[in-house]
> 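To start, I am sharing the structure in question, which I have written as structure tokens.
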Amino acid sequence: MQTFDKFLQGKVNDEDLAGVLVTLSKAVKQISNQIRTAKTCAAGTENVYGEQQLALDVLSDQLIQDECRQNERIGLLASEELPDELRIGDGEFAVAYDPLDGSSLVDVNLAVGSIFGVYRGQTFIGVKGDDQLSSMIAVYGPRTTIVLAVAGGEGAAGAEDTGVAATAGASAVNEFTLVDGEFCLSKEGIKVGEGKMFAPGNLRACAERQDYLELTNFWMKAGYTLRYSGGMVPDVNQILLKGKGIFSYPPHSKYPEGKLRLLFECAPMAFLMEKAGGAATDGKVRILEKPLVKLDQRTPIYIGSREEVKRCEDYLGNL
Ligand code: FBP
């Protein structure tokens with residue numbers, strides 16, 4: 001079986017970028033271990049010995065920071081857990097991440113995940129998702145997996161390739177599974193086509209948005225299969241792995257800009273999805289074309305099969 005590290009050596013021309021990805025994979029292993037051994041929990045409490053335990057998302061953030069500090073090529077971090085960018089050195093790479101998306105699902109033993117977007121540069125302000133050199137998600141479910149996309153591989157029409165880390169004839173999106181302490185290639189050349197599966201986030205918006213109610217009715221009347229867990233990482237991961245479907249999170253009065261974060265959640269997910277042949281939009285604009293104005297910028301998102309994303313734009317794009 002091909003390991004993550006060996007795969008990168010063979011397929012990613014930029015050795016420094018490969019090193020950054022290995023660093024992130026090491027952090028993922030540690031987070032996976034923390035979740036499995038339940039050394040802490042979602043809320044952050046005292047354990048039976050009276051020791052203070054960190055909330056899992058805070059601990060995950062620290063584990064990622066600690067790993068990244070050991071790689072001198074990484075100079076800048078931005079985390080959903082931190083209010084500002086964090087300079088950790090002079091390295092050229094910048095990593096934006098959500099250390100544990102959907103962390104409240106851990107207590108009920110549902111799958112959760114980490115999200116990473118890798119850039120080159122000295123600040124995240126002004127970047128677009130298209131500037132990513134690579135993005136990856138980690139899913140902590142019955143198994144721990146990584147799904148990785150690197151710029152320069154096969155991409156979707158309309159997606160600009162940066163060409164920075166050209167993969168040598170590799171398919172752009174691949175899955176790795178943690179087996180005996182090593183991530184091993186488990187699915188090569190992930191492709192997203194068309195199919196009737198839906199993961200409708202923020203359904204409460206139907207109470208005030210006739211257009212979302214109508215779209216949801218369309219999905220139900222057309223016999224789509226509902227697959228929604230409440231965690232964006234496992235929900236989008238499912239679309240990638242099944243090769244079909246749509247995930248939606250429209251805005252409504254509680255979240256007028258949408259809920260999900262452009263830098264930490266939507267841009268890395270959109271990069272993965274486009275590299276797999278799918279699409280991602282905010283209803284009008286490709287997610288990867290949206291410039292980052294502030295770190296915690298939110299956006300509506302419709303992501304998955306191209307035809308389904310187009311349907312979301314047709315139904316919901318007027319708002
Ligand atoms: P956080 O940024 O607060 O972690 O929320 C992210 C998330 O949990 C996504 O993973 C998920 O798709 C969405 O929120 C669910 O939102 P809601 O609670 O509104 O259904």
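Just so you know, ligand 1 is whichever comes first in the structure, and atom 1 is the first atom listed for that ligand. Every heavy atom of this structure was used, including side-chain atoms; hydrogens, water molecules and symmetry mates were not. One-based numbering along the sequence shown.
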> Ring of F271, cation from K275 - is the NZ or CZ under 6.0 Å from the centre and inside 45° of the axis?
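Verdict for F271: a cation-pi partner in K275.
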
> Could you report the tightest heavy-atom contact between I125 and K294, atom names first, then the distance?
CD1-CA, 3.9 Å

> Among all protein heavy atoms in this structure, tell me which lies nearest to atom 4 (O) of ligand 1, with the distance rounded to 0.1 Å.
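So the nearest neighbour among protein heavy atoms is G102 N, 3.6 Å.
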
> Among V236, I301, D101, which one has a heavy atom closest to atom 6 (C) of ligand 1?
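Selected option, by shortest heavy-atom distance: D101.
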
> Please test S253 against E208 for side chain to side chain donor-acceptor pair (under 3.5 Å), starting from the C-alpha separation and ending with a verdict.
CA-CA 8 Å; S253 55; E208 59 186 58; 2.9 Å; yes

> Looking at Y249, which atoms of ligand 1 are within less than 4.0 Å of one of its heavy atoms?
16 (O), 17 (P), 19 (O)

> Treating D235 as the side-chain partner and S229 as the backbone partner, does any N or O pair qualify as donor plus acceptor under 3.5 Å?
yes

> Can you establish whether the number of heavy atoms outside D314 located under 6.0 Å from its atom CG is more than 12?
yes

> Between F198 and W219, what is the ring plane arrangement, given parallel below 30°, perpendicular above 60°, and tilted in between?
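Tilted, since the angle between the ring planes falls between 30° and 60°.
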
> Any idea which atoms of ligand 1 are less than 4.0 Å away from a heavy-atom of E265?
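Every atom of ligand 1 under 4.0 Å from some heavy atom of E265: 2 (O), 6 (C).
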
> Within ligand 1, which atoms have a heavy atom of M232 less than 4.0 Å away?
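Answer, ordered by atom number: 9 (C), 10 (O), 11 (C), 12 (O).
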
> At what distance is the nearest protein heavy atom to atom 16 (O) of ligand 1, and which residue and atom is it?
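Here the nearest protein heavy atom works out to K259 NZ, 3.1 Å.
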
> Among all protein heavy atoms, pick the one closest to atom 11 (C) of ligand 1 and tell me residue, atom and distance.
G230 O, 3.4 Å

> Quick one: does ligand 1 sit under 4.0 Å from the side chain of F247, the backbone, both or neither, non-hydrogen atoms only?
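Side chain only.
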
> Let's go through M197 and I239 carefully: what are the C-alpha distance in whole Å and the side-chain angles of both, what is the deciding distance for side-chain contact (heavy atoms from CB on, under 4.5 Å) to 0.1 Å, and is it a yes or a no?
CA-CA 8 Å; M197 191 172 80; I239 294 170; 4.1 Å; yes

> Give the numbers and elements of all ligand 1 atoms closer than 4.0 Å to a heavy atom of R204.
17 (P), 19 (O), 20 (O)

> As an exercise, identify every atom of ligand 1 less than 4.0 angstrom from a heavy atom of E80.
2 (O)

